[in-house]
Amino acid sequence: MGFFSTFIASIWDGILDNKGKITSTGGFLFGIIATLAFKDFYPDLEHSFRRRIEHLRGLNNIPHPFLGHPDYVRLEDHTRRKSVHVTAEAEDEAIAVGVEGLIGNTPLIKLKSLSDATGCEILVKCEYLNGAGNSPKDRVALSMINHAEAEGLLVPDRGDTIYEGTVGSTGISLAAVCRARGYKAYICMPNDQATEKSDLLLKLGAIVERIRPASIVDQDQFVNLARRRAQEHTDDESKPGRGFFADQFENTANYLAHYSTTGPEIYTQAHGHLDVLVAGAGTGGTISGVALALKPLLPNMRVVLADPQGSGLFNRIKYGVMFSSTEAEGTRRRHQVDSIVEGIGINRLTRNFEAGMHLIDDAVKVSDGQAMMMARWLVEKEGLFVGASSAVNCVAAATVAKQMVREGERGARVVTVLCDSGTRHLSKFWKAAGDVSGMDVEFTLDDILDAKK
């Protein structure tokens with residue numbers, strides 16, 4: 001008998017006793033042999049399993065430039081000890097750089113109170129935790145600047161100034177990112193917006209021009225004025241650099257920011273389980289970008305617009321006509337959207353909204369009263385202090401959830417967005433909503449959804 005055969009026989013004698021049963025020493029040896037035998041099989045097993053899962057879920061034939069294939073299962077080989085030494089390169093990769101590193105990867109959390117009250121799972125994407133300007137506009141600001149630099153329209157530290165017409169959030173995000181990237185920010189905004197927004201812009205180093213509210217057809221409307229100021233800068237040879245009009249309403253870098261980041265993040269955080277997306281629209285970038293990212297992967301997912309009173313988008317989605325009752329002769333009290341809500345709602349179609357409008361299945365109209373009651377509810381029940389557009393989104397999400405339960409779809413998962421903190425709405429929205437002041441909220445969710453005034 002050869003050496004190898006003798007060696008195997010001795011191992012086998014150690015595994016079995018004289019009665020043919022496995023000894024304790026034998027079990028230990030058998031475990032070592034099995035581990036060594038299957039160790040190199042792990043990568044093949046992982047690859048085969050993932051291919052099978054992707055085939056079953058039908059993901060192989062879905063073209064999606066940003067999401068790729070989800071990493072459903074990852075088998076790891078723990079038989080080799082990892083080095084305790086961390087290279088300098090690995091440390092650098094783990095550390096985000098500057099304010100840009102604070103943009104994106106915001107948490108997705110479950111609102112227990114709304115979930116319990118509706119019978120569906122209400123999840124919210126906490127976009128107010130973006131670290132530059134504390135809103136989803138951080139993604140937009142960074143995207144617009146990156147696209148402009150790629151096209152040679154902006155050059156850092158050349159003296160370029162970015163001009164934008166905004167009601168606040170985009171301007172705040174631009175002001176923060178501009179400083180980090182070597183630009184100045186010039187913001188035009190209506191003078192009826194919450195004063196804390198313009199105060200914050202000034203603290204961030206932006207030039208702020210507050211003007212009277214006007215229709216979009218007026219050349220002195222805040223967006224049109226920003227466009228003109230940018231051109232005046234470029235034409236003035238005495239000013240350094242050039243003026244760049246960011247144009248958040250029509251610049252498609254807006255929705256592409258959400259297509260490439262926000263949508264994929266939601267899909268990953270929700271583990272691919274999502275029944276309804278609810279979002280408001282100001283420029284339309286968020287709802288369009290996220291819908292375009294998710295629909296190819298979740299074709300049965302519904303997209304619902306949350307629209308404040310005075311906005312025409314609700315009627316555009318529901319009835320195909322861009323019209324709001326506040327636009328009727330003799331009833332119009334404001335220049336655009338007759339609502340205390342700021343940041344969402346508009347009476348025209350933008351390029352960003354049109355990019356994903358065909359994917360919007362339904363719309364929910366939300367009154368100022370409902371939004372203020374929801375904001376108070378979220379403080380009392382969740383400890384969340386949110387702004388007006390966030391409250392509108394939550395009202396719409398709860399409305400959709402209750403409707404789904406009535407139709408027998410209890411337990412469905414609804415995702416919406418918390419856009420900003422209530423700290424930007426103290427002098428207007430929250431002044432009207434009033435103090436919670438330690439008092440228990442005395443209304444139910446049904447009271448909120450039934451409120452129209």
Side-chain angles (χ1 to χ4, degrees), residues 98-100 102-103 130-149 151 153-214 216 218-251 253-254 282-283 285 335-336 342-343 420-421 423-428:
V99 73
E100 295 176 27
L102 300 174
I103 299 175
N130 279 297
N134 308 123
S135 82
K137 299 302 185 181
D138 283 3
R139 301 177 190 263
V140 175
L142 183 59
S143 178
M144 292 191 298
I145 290 175
N146 284 340
H147 278 76
E149 287 181 347
E151 295 173 11
L153 301 176
L154 286 173
V155 177
D157 302 314
R158 183 177 65 181
D160 293 351
T161 298
I162 298 178
Y163 292 78
E164 183 61 296
T166 170
V167 297
S169 292
T170 303
I172 292 168
S173 295
L174 276 172
V177 179
C178 278
R179 284 294 176 175
R181 295 290 282 266
Y183 306 109
K184 293 182 179 179
Y186 190 112
I187 305 302
C188 299
M189 63 187 303
N191 60 15
D192 63 347
Q193 301 300 297
T195 57
E196 47 265 45
K197 294 182 180 180
S198 57
D199 291 344
L200 181 55
L201 282 166
L202 293 171
K203 299 298 187 292
L204 287 169
I207 299 172
V208 181
E209 186 172 357
R210 290 176 65 100
I211 58 176
R212 66 174 180 81
I216 188 64
D218 191 322
Q219 290 303 304
D220 288 328
Q221 191 260 4
F222 66 100
V223 175
N224 295 330
L225 182 62
R227 180 187 291 106
R228 190 166 73 247
R229 292 283 187 257
Q231 188 60 51
E232 290 170 353
H233 180 140
T234 301
D235 295 341
D236 189 343
E237 295 182 357
S238 67
K239 290 185 177 180
R242 59 163 293 166
F244 173 75
F245 175 47
D247 199 12
Q248 60 168 325
F249 289 90
E250 308 301 330
N251 187 340
N254 180 341
T283 63
H335 67 290
Q336 186 183 46
E342 298 176 350
D420 54 2
S421 166
T423 55
R424 281 187 196 164
H425 302 267
L426 293 173
S427 64
K428 191 174 180 182

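- The closest side-chain heavy-atom distance from K137 to I172 is not below 4.5 Å.
- Applying the side-chain contact (heavy atoms from CB on, under 4.5 Å) criterion to N134, with sequence neighbours excluded, gives R424.
- When all heavy atoms of G165 and F249 are compared, the closest pair comes out as O-CE1, 4.0 Å.
- A 4.5 Å side-chain heavy-atom check between N191 and P213 finds at least one atom pair inside the cut-off.
- Within the model, atoms CG of L154 and OH of Y183 stand 4.5 Å from one another, a figure rounded to the nearest 0.5 Å.
- Looking at N224, its side chain does come within 3.5 Å of a backbone N or O of D218 through a donor-acceptor pair.
- Remark: side-chain polar atoms of H233 are paired, donor with acceptor, to backbone N or O of P240 under 3.5 angstrom.
- Contact record, V99 with G131: CG2-O, 4.3 Å, taken as the closest heavy-atom pair.
- Put simply, the side chain of P156 does not reach to within 4.5 Å of the side chain of R181, judged on heavy atoms.
- The NZ atom of K184 lies 9.5 Å from the OH atom of Y163; values are rounded to the nearest 0.5 Å.
- Side-chain atoms of E342 come within 3.5 Å of backbone atoms of A194 as a donor-acceptor pair (strictly under, hydrogens ignored).
- How far CD of E232 is from CG of D236: 9.0 Å, rounded to the nearest 0.5 Å.
- When side chains are defined from C-beta on, L153 counts as touching R242, because their heavy atoms get closer than 4.5 Å.
- The main-chain N or O of G205 is found under 3.5 Å from a side-chain atom of R179 such that the two form a donor-acceptor pair.
- The closest donor-acceptor contact from the side chain of N254 to the backbone of V140 lies at 3.5 Å or more, if one exists at all.
- Side chains of Q248 and T283: a donor-acceptor N/O pair is absent below 3.5 angstrom, by distance only.
- The NZ atom of K203 sits 12.0 Å away from the CD atom of E196 when rounded to the nearest 0.5 Å.
- Closest approach of D192 to K428, counting heavy atoms only: O-NZ, 3.1 Å.
- Residue I211 holds its CD1 atom at 7.0 Å from CD of Q221, rounded to the nearest 0.5 Å.
- Formation of a donor-acceptor pair under 3.5 Å by the E100 side chain with backbone atoms of L142 is not found in this model.
- The two atoms that bring S143 and A253 nearest to each other are OG-O, 2.7 Å, heavy atoms only.
- Note: T234 OG1 to D160 CG = 8.0 Å, rounded to the nearest 0.5 Å.
- A distance-only check finds no donor-acceptor pair linking the side chain of D138 to the backbone of I103 [under 3.5 Å].
- Residues P136 and N130 approach most closely at CA-ND2, 4.0 Å, considering heavy atoms.
- Salt-bridge check for K197 with D420: failed, with every basic side-chain N at 4.0 Å or more from each acidic carboxylate O.
- A donor-acceptor pair is defined here as one N or O able to donate and one able to accept, closer than 3.5 Å; such a pair exists between the side chain of S198 and the backbone of T195.
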